[in-house]
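Note on naming: letters A, B, ... go to the chains in the order of the sequence lines (proteins, then strands), and numbering restarts at 1 for each one. Keep in mind that this is a model prediction, so the values were computed, not measured.
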2 protein chains.
Amino acid sequence: MSEKSKFASGKLTMQDIARAAGVSPMTVSNCFRYPDRVREKTRMAVMKVAVELGYVPNLSAGLLAAGTSRVIGAVLPSIRNSSFFGYVAGLRQETTERGHELITMIAETPEEELAAAQTLLGLRVAGIALVAGPHSVDLRSFLELSGTPVAESWGGENAVGKAVGYDVGAASRVLTRHLIEQGHRQIGFVQVSGGGGLRYSMRLPAFRQEMFAAGLSDSLVLTVRAADGFASGRRILDEFLALQPKLDAVLCPTDVVAAGAVFECQRRGLSVPGDIAISGWGDYDIGRELSPTLTTISPFSHEIGVNAARLLIDGDTGTAGNLTTPFSLELRESA
Amino acid sequence: MSEKSKFASGKLTMQDIARAAGVSPMTVSNCFRYPDRVREKTRMAVMKVAVELGYVPNLSAGLLAAGTSRVIGAVLPSIRNSSFFGYVAGLRQETTERGHELITMIAETPEEELAAAQTLLGLRVAGIALVAGPHSVDLRSFLELSGTPVAESWGGENAVGKAVGYDVGAASRVLTRHLIEQGHRQIGFVQVSGGGGLRYSMRLPAFRQEMFAAGLSDSLVLTVRAADGFASGRRILDEFLALQPKLDAVLCPTDVVAAGAVFECQRRGLSVPGDIAISGWGDYDIGRELSPTLTTISPFSHEIGVNAARLLIDGDTGTAGNLTTPFSLELRESA
DNA sequence: ACAAAAATTTGTAGCGCTACAATATTGCTA
DNA sequence: TAGCAATATTGTAGCGCTACAAATTTTTGT
């Protein structure tokens, strides 16, 4: 071992372990990689030395030599609002069960997402899990050229790689219809822009269809950015009420925005749903504990994560690939 | 290039790019690694080919050959409650500014944390950012043997590697004193257990000191788990009121638990802070928007992240290492 | 025009591990 | 006891890149 290496765990390589255990480096390698090829007595001797010396195999060297990786990379737009908690939990569960590892990178803009994808490709991950765009214009061709399996969740028809998600338009219709059937006539719709915002884009057309079919105005529309928090709920409620004092319902893009709107109603002395009904989306924890509890769309994010990981790990099967998951309308107190 | 490799980006190596651009593989390497050693005309020719073919250098091979890495690994106990949003944003900012990359892994138990640390060591990351324990009993020696720089945030005196964080006991004293000065006499304290829970442990002794000094009872103590959400706020409020109907304040470990307790007060028709004052911790987004807004401790998590990354990247400087960051008491409506 | 210095390009050996093949050891049967 | 088959261990070449050194080309100065 030369002076050059800074990498050996504690400056150790398999050669050091082999010497200390009185076997060849190949046997050390087999102990870690194919333990059932090594007799137990030999293996115990090797592992004892490895543990004592704190040796960890160099994954980079192994990965380079073997030509395969057991690392899945996920790119998330934000961890600000718990939006991806269930999804990441699902990714983790499936990757762990399949003997893989999950690493995540945060990328808030399309440019950061492209850079993160490049890092993951440089690490030669076994697959990349994306969340709906907007993506950099180069991302799709870049990832396709790489040949690395890609699964995009919530991206719908324009997903990069294989698509996982539910029919967002159908969910939007269900929720809009519910508000109409509750007797609401002045319904505000909140759409989303910015990094990671594309997954919301199919909701507005569906909302418009249902409003049109009911003979109601679809013009009360405001925009928040995907990474905005509770404060955006306050802002849109203020703006809607300035636009239409008779506002009687708001369809929010996430439970966080909805909670923010509920807080503002409380400050204004408006009762929910008595004066204004407020619906959320995403079935976050807060929706179940808020007073009033939130009516919301449950997207089964955990299942989305499990299935995205499954598509990535089974990526060679070449089946149709796209995978549709369920959603449900969760009726609670707020709408 | 043999048939064995599955790794080349689009099956490409520097040799392919070199052939297409009419230069040597070493020149391709220099274009990516030391661009100012290559004349511009040559470099443009090489980069044009690389972009057209979608080539990304194999980081594993580069890392192995160079003996250094520009990847920092962070291990987080959970992304459920936005607790680490600011911290991760700070890590990201500093690593990006220093030309490094940040990858994160989620580890909910001490055993998972040890496994995540082993993966990061296998990837030969340049440094590992941890959050306070409880850690597996092997983690400390394991990481020390590896020689990889480690920074633990919120771990206090028992941190693995270099410690970053604020004086949690001092913050707890400030907050307890504030509640006492507001006239509260039956104060409930919520402590935390479970994965990632050790960072809360220094708060209870400080609370007890202040209560003792004020001649008040310090026996109203309940426990939530670190990964619990809003529902734990409801639970502890119910339990405190069963223990002590004259309860007039609750000191919660996070803004999430506090918000959950506020929601339960609303359901019970108790006014906050009129009937019961509720303080949070962590200065989460929700604390600023909740009605009433939450009195909380701001831990400057972003700064903690920046400084942890700085310690890791400057890891060779061998200075005292531990770094104390500020905190502040944010007085708002709830207490 | 020539020589020296500077800039650019290329060659070599090896980073730590492993797929595949070769060799050595062990156990069983006749 | 010898031979054969099965099991365990080891050897070889190379994965893709790069630190360092050597070779080549270009630029500068006289």
Round to the nearest Å and state the distance from [X] atom [atom1] to [N] atom [atom2].
X: A:Met26; N: C:dA21; atom1: CE; atom2: P; result: 13 Å
X: A:Arg19; N: C:dG16; atom1: CZ; atom2: P; result: 12 Å
X: A:Leu12; N: C:dG16; atom1: CG; atom2: P; result: 10 Å
X: A:Asn30; N: C:dC17; atom1: CG; atom2: P; result: 13 Å
X: A:Arg39; N: C:dA24; atom1: CZ; atom2: P; result: 16 Å
X: B:Leu64; N: D:dT18; atom1: CG; atom2: C1'; result: 10 Å
X: A:Gln15; N: D:dT12; atom1: CD; atom2: P; result: 13 Å
X: A:Met14; N: D:dG11; atom1: CE; atom2: C1'; result: 16 Å

Donor-acceptor side-chain pairing of [X] and [Y] below 3.5 angstrom:
X: B:Gln93; Y: B:His302; answer: yes
X: A:Glu101; Y: B:Thr119; answer: yes
X: B:Glu152; Y: B:His135; answer: yes

On the nucleotide [N], are OP1 or OP2 found under 4.0 Å from the side-chain N or O atoms that [X] carries?
X: A:Arg33; N: C:dA19; result: yes
X: A:Thr42; N: D:dT9; result: yes
X: B:Ser29; N: D:dC17; result: no
X: B:Tyr34; N: D:dA19; result: yes

Minimum-distance nucleotide to B:Val23 side chain [options: D:dC17, C:dC17, C:dT10]: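 Given the options D:dC17, C:dC17, C:dT10, the side chain of B:Val23 is closest to C:dT10.
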So, B:Thr42 side chain and B:Val38 main chain: donor-acceptor pair closer than 3.5 Å or not? no
Closest to the 5' end of DNA chain D, once A:Thr27 and B:Pro25 are matched to their nearest nucleotides, is A:Thr27
Do the side chains of A:Arg124 and B:Asn58 get nearer than 4.5 Å, heavy atoms only? yes
If you find the nucleotide of DNA chain C closest to B:Ser24 and the one closest to B:Ala61, which residue's nucleotide is nearer the 5' end?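 Looking at the nearest nucleotide for each, B:Ser24 comes out on the 5' side.
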